[in-house]
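These notes are about the structure you will find just below.
Each chain gets a letter, A, B and so on, in the order its sequence line appears, and its residues count up from 1. When reading the values below, keep in mind they use all heavy atoms of this one structure, side chains included, and skip hydrogens, waters and symmetry mates. Computed from a predicted structure; not experimentally measured.
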2 protein chains.
Amino acid sequence: MSPPPAKRPRSKNPHGATEPCLAVRDVLTRVGDKWSVLVVGSLGDGPLRFSDLKRGIEGISQRMLTLTLRGLERDGLVTRTQYPTVPPRVEYALTPLGHTLLDPVQELAKWALQSRAAIQTARGRYDKKPKPPPPTGPTRR
Amino acid sequence: MSPPPAKRPRSKNPHGATEPCLAVRDVLTRVGDKWSVLVVGSLGDGPLRFSDLKRGIEGISQRMLTLTLRGLERDGLVTRTQYPTVPPRVEYALTPLGHTLLDPVQELAKWALQSRAAIQTARGRYDKKPKPPPPTGPTRR
DNA sequence: CTGTATCCTGCTAGATACTG
DNA sequence: CAGTATCTAGCAGGATACAG
């Protein structure tokens, strides 16, 4: 039998183990998608109907709103309440868990607003620099 | 000439204007991608070399690490310092702006760790329910 | 060691049309 | 009003090979 190829003992990460990383990535894929945060933010003020959400979030398509809401519902962050009236009326609201997300997200939003200018300045500067010069002379990035 | 089709006066959003949304989305696309947060987190303890980052972040490919670092550099969140030694040695570090991002991100990470269990429970519950029943009888979701 | 250049795949998300 | 069903384009991201 050939000896087992020694599975990489895995040096522990300096900033935490592998476990937390997975959790963070997991959350980030939910929260980091194009619309989830905006939906959660919209619901922060209280329950809203489907069409109100759609109107409130400029640019979202019906499809994406549905998908986003399903995802959030699945994760236990929002509830869906359907009133059997005609025409149908469905309300979405944050769960307690969903509310706890509101805080970190607003932190991030605050950062975004504060840093927006700085970031755009940095981008402008960076985008002007790239000097891939002619083969003559030492290329210096 | 045909009259301009009246550009939709746009009702103002209840949770803020359209402006902030753009900023938030902008940040989210940077922060919400698969690796940026982990890179920033890794650099939180201090500067690191390329290969150290690669080793520290389990599962990232060379390509994505490079791309992520370029993006962060462009946005003024990290600096790249190249020592003209042989072999080449490049160190990445957070800028002051980058450090300010560390805080909100860690908030979110904390939330992720705390809520992980609850979310997975919710998912399990949700994934069991879907009852697309036989065509006989009133389908009730 | 630190990248860049290709190739290739799957998913994300938009547009549109149709149903209860 | 509230959703589902399709179709499709674009791009994020992985593997690999090569270069300074």
Phosphate oxygens OP1/OP2 of C:dT2: is one of them under 4.0 Å from a side-chain N or O of B:T66?
no
Acceptor/donor pairs from residues 110-119 of chain A side chains to any protein atom, 3.5 angstrom cut, sequence neighbours excluded:
from, atom 1, to, atom 2, distance (Å)
A:W111, NE1, A:S115, OG, 3.4
A:W111, NE1, B:T100, O, 3.4
A:W111, NE1, B:T100, OG1, 2.8
A:S115, OG, A:W111, O, 2.8
A:R116, NH2, B:E19, OE1, 3.1

Which of A:V105, A:L72, A:T68 passes side chain to side chain contact (heavy atoms under 4.5 Å, CB included) with A:V40? It is A:L72
Reading nucleotides 7-13 of chain C from 5' to 3' and marking B where a protein heavy atom lies under 4.0 Å of the base, S where only the sugar-phosphate is that close, and - otherwise, the string is ------B
Heavy atoms of A:V31 and A:V37 approach each other most closely as O-CG2, 2.9 Å
Whole-Å distance, B:L65 CG to D:dG13 P, equals 13 Å
note: A:E58, atom CD; C:dG14, atom C1'; distance rounded to Å ~ 16 Å
Whole-Å distance, B:L38 CG to D:dG13 P, equals 12 Å
Atom CZ of B:F50 and atom P of C:dC1 are separated, to the nearest Å, by 10 Å
Assign each of A:P88 and A:G59 the nucleotide of DNA chain C bearing its closest heavy atom; nearer the 5' end lies the nucleotide of A:G59
Between CG of A:L69 and C1' of D:dA2 the distance, given in whole Å, is 11 Å
Main-chain N/O of A:G76 paired with A:T95 side-chain donor or acceptor, under 3.5 Å: yes
field: Minimum side-chain heavy-atom gap A:E91-A:L48 below 4.5 Å
entry: no
From CD of A:Q82 across to C1' of D:dA2 the rounded distance in Å is 8 Å
Of A:S51 and A:R25, the one whose nearest nucleotide on DNA chain D sits closer to the 5' end is A:S51
Where the side chain of A:S42 meets the backbone of A:L53, is there a donor-acceptor pair that is under 3.5 Å apart?
no
Between CD1 of A:I60 and P of C:dA15 the distance, given in whole Å, is 12 Å
**Prompt:** Is there a side-chain contact between A:L101 and B:L108, using heavy atoms and a 4.5 Å cut-off?
**Reply:** yes
note: A:Q62, atom CD; D:dT4, atom C1'; distance rounded to Å ~ 10 Å
- Message: For a quick test of reading the model: is some side-chain N or O of A:R49 closer than 4.0 Å to OP1 or OP2 of D:dC1?
- Response: no
